[in-house]
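Counting begins at 1 with the first residue of the sequence. All values reported here derive from a predicted model rather than from experimental measurement.
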Amino acid sequence: MPSRSAAARLSTLFAAFLLSACAGSAASTATTAPRPEAAAPIAADVPSFAGETPPDSWHLLDLEADGVAGISANRAVRELLANRRPSREIVVAIIDGGVDTAHAALAPALWRNARETARNARDDDRNGYTDDINGWNFIGGADGQNVHRDTYEAVRVDVSCRRRAAAGSASALSSAERAECTRAAEYVQKERQEMTQYQRTVQQADQVLTMAVGALKTALGTDSLTDAAVAGLQPATPEVARARSIYQQLAAQGITPEVIKKAKNDVSSRLNFGLDSAFNPRPIVGDDTLNLTERGYGNPDVTGPDASHGTHVAGIVAARRSGEHAAGVSPARLMVIRAVPDGDERDKDIANAIRYAVDNGAQIINMSFGKSFSPHKAVVDAAVRYADEKGVLMVHAAGNDGANNDSSTNYPSPEYVGGGRPNLWIEVGASSWKGGNALAAAFSNYGSRTVDLFAPGVAILSTVPGGTYERNDGTSMAAPVVSGTAALLMAYCSQLSAREVKEILLTSAIRRPNQRVTEPGGEREVAFGSLSTTGGIVNAYAAVRLAQQRGRCP
């Protein structure tokens, strides 16, 4: 699951630009005035944030102390954990697309398999994985090659259905299997149509920005533009004035050359790989794809060809302070497990990744990925049961489709095939720094039964490959905020079990049940409390304080 589809994000931004252009002025980032406090609320409404962009690392800040509705992690450390050191080391497994292990803020935080000797081509600890120093890569081959892109699961299901039909075995399908085949075919067709539309939008946005930039460069006599130079330009002609207006409106919506570039790459990847039924990179791995219980395949390259998503996720959990950049939420160690390609992850790999994390000492597993089809869900369920029985907390991103998970599919899901749920699973939606009626991120999935709580997931500043930092948004960012908060609790409050940590996080979430917000993926106003089981946002300060009040964090 990407932090968000870059193409979808650009499409939303460009639609806002067109709306503002029709209105004849740049779109304002101001939102509605703060709503009056509802009668007897558990917590007052979060007012609209006054600025155009949030402070760096806003997700760590406190509403009262800093004016933005973060998780109060800095306040927790400053007021409740001052002059204390963690009483135990906590390992958080990052199941993702890879992590830049050379990043200066992440290298000191990496989990190290002390029973394994690096690069000696021997499985020293006899766990079935040779040279797994920092974790394991389940989408790589023994020869060192790696899967970068893969198809969507719907495409794989559709291909399988078509093959069975061609072989004359379609009649042997159950009614449920036939329904799934129909759903997969419709899903693939819809995605292709949507990507084609996104492709046109990206081209249009690129054309508009390129024309504006070209006119402004000519007017300023420069090869490069800055916002300050554009703002100070005195247009000599109506054409230049219009170019400046367009440029500033695009900038106000967050449409930059970099955003357009990411959207182009996103569309290209989805059309040429994710939705290409003829594409199959799995031979690179060399496993038996029909053997869903096979283990031991892969390689120790936990960075892979594109570690941008996983690096950002890892930094949110436990980056160490580096220069002017804040640390992650917790002092945890990071176990890196690569199992998520650019495309949809495979059930077999996720099941093995969960088992690897449990068997090698992770107390928390962060899962910032998801998909709409899971043909081998029972295999994943078995691994989830294993983690649950071993007392490992699992934190999963709810998804970025603006959909109600109570009535739509998003895998892996916390409902077992045949009924029942894991005890140690937390499903996370994304909240925004904007507050007001935009408190719930517009893209976030939600569910009064299936999503447990929300956490900051918009404009989150964190580590990216190459030693740098970027802002990203998505429930992919919200989940590691919760994983980091759980790790903070476990590290300082060593008496707590995973079950207690989950209960404390949910109980202490700051509830704002009556705040009216725009329903994610829609336009109508709903109560924020209706979007999750708790109706709240995770809060590190409240969680630590509750643990201390219970005498579980001396």
Side-chain angles (χ1 to χ4, degrees), residues 3-4 29 46-47 49-82 92 94 99-100 103-109 254 308-332 334 366 368 395 397 428 430-435 438-439 441 444 454-489 491-492 505 510 537-544:
S3 56
R4 282 190 66 195
T29 56
V46 177
F49 187 76
E52 294 185 0
T53 56
D56 288 351
S57 302
W58 72 268
H59 59 291
L60 303 178
L61 302 183
D62 177 79
L63 182 58
E64 293 181 9
D66 308 298
V68 60
I71 65 167
S72 310
N74 291 351
R75 184 183 175 196
V77 173
R78 183 174 66 244
E79 297 182 16
L80 302 178
L81 301 173
V92 178
I94 307 295
V99 171
D100 179 6
H103 197 293
L106 297 180
S308 54
H309 188 270
T311 301
H312 201 270
V313 167
I316 294 170
V317 174
R320 301 312 191 233
R321 178 173 288 277
S322 180
E324 63 187 33
H325 295 288
V329 179
S330 77
L334 300 166
N366 188 86
S368 288
V395 182
V428 186
S431 60
S432 170
W433 57 274
K434 296 178 182 180
L439 180 62
S444 181
F454 276 59
V458 179
I460 305 299
L461 184 69
S462 185
T463 47
V464 290
T468 57
Y469 296 76
E470 287 182 5
R471 292 186 187 272
N472 280 327
D473 48 45
T475 57
S476 285
M477 283 61 255
V481 169
V482 175
S483 294
T485 305
L488 182 74
L489 264 181
Y492 281 93
L505 291 181
I510 304 299
I537 298 174
V538 73
N539 190 273
Y541 180 90
V544 173

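Distance CD1/I71 to CG/L60: 6.0 Å, rounded to 0.5 Å. Here the straight-line distance linking atom CD1 of I460 with atom NE2 of H59 works out to 5.5 Å at 0.5 Å rounding. In this structure, N539 CG and S72 OG are separated by 4.0 Å, a value rounded to the nearest 0.5 Å.
Contacts of T463 classified as side-chain contact (heavy atoms from CB on, under 4.5 Å), with partners at least two apart in sequence or in another chain: H103, A105, L106, T311, A319, Y469. A search for side-chain hydrogen bond (donor to acceptor under 3.5 Å, both in side chains) contacts involving S462 returns nothing, not counting sequence neighbours. Among residues two or more places apart in sequence or in another chain, the side-chain hydrogen bond (donor to acceptor under 3.5 Å, both in side chains) test is passed with S483 by N366. By the side-chain hydrogen bond (donor to acceptor under 3.5 Å, both in side chains) test, S57 is found to be paired with no residue, residues two or more places apart in sequence or in another chain being considered. Applying the side-chain contact (heavy atoms from CB on, under 4.5 Å) test to V68 and every residue at least two apart in sequence or in another chain returns F49, W58, L61, D66, W433. A search for side-chain hydrogen bond (donor to acceptor under 3.5 Å, both in side chains) contacts involving R471 returns D56, not counting sequence neighbours.
The side-chain heavy atoms of M477 and V481, taken from C-beta on, include no pair separated by under 4.5 Å.
Checking S368 against H309 by side-chain atom types alone, no donor-acceptor pair falls below 3.5 Å.
Although no hydrogens or angles enter the test, the distance criterion places a donor-acceptor pair under 3.5 Å between the side chain of D100 and the main chain of G466.
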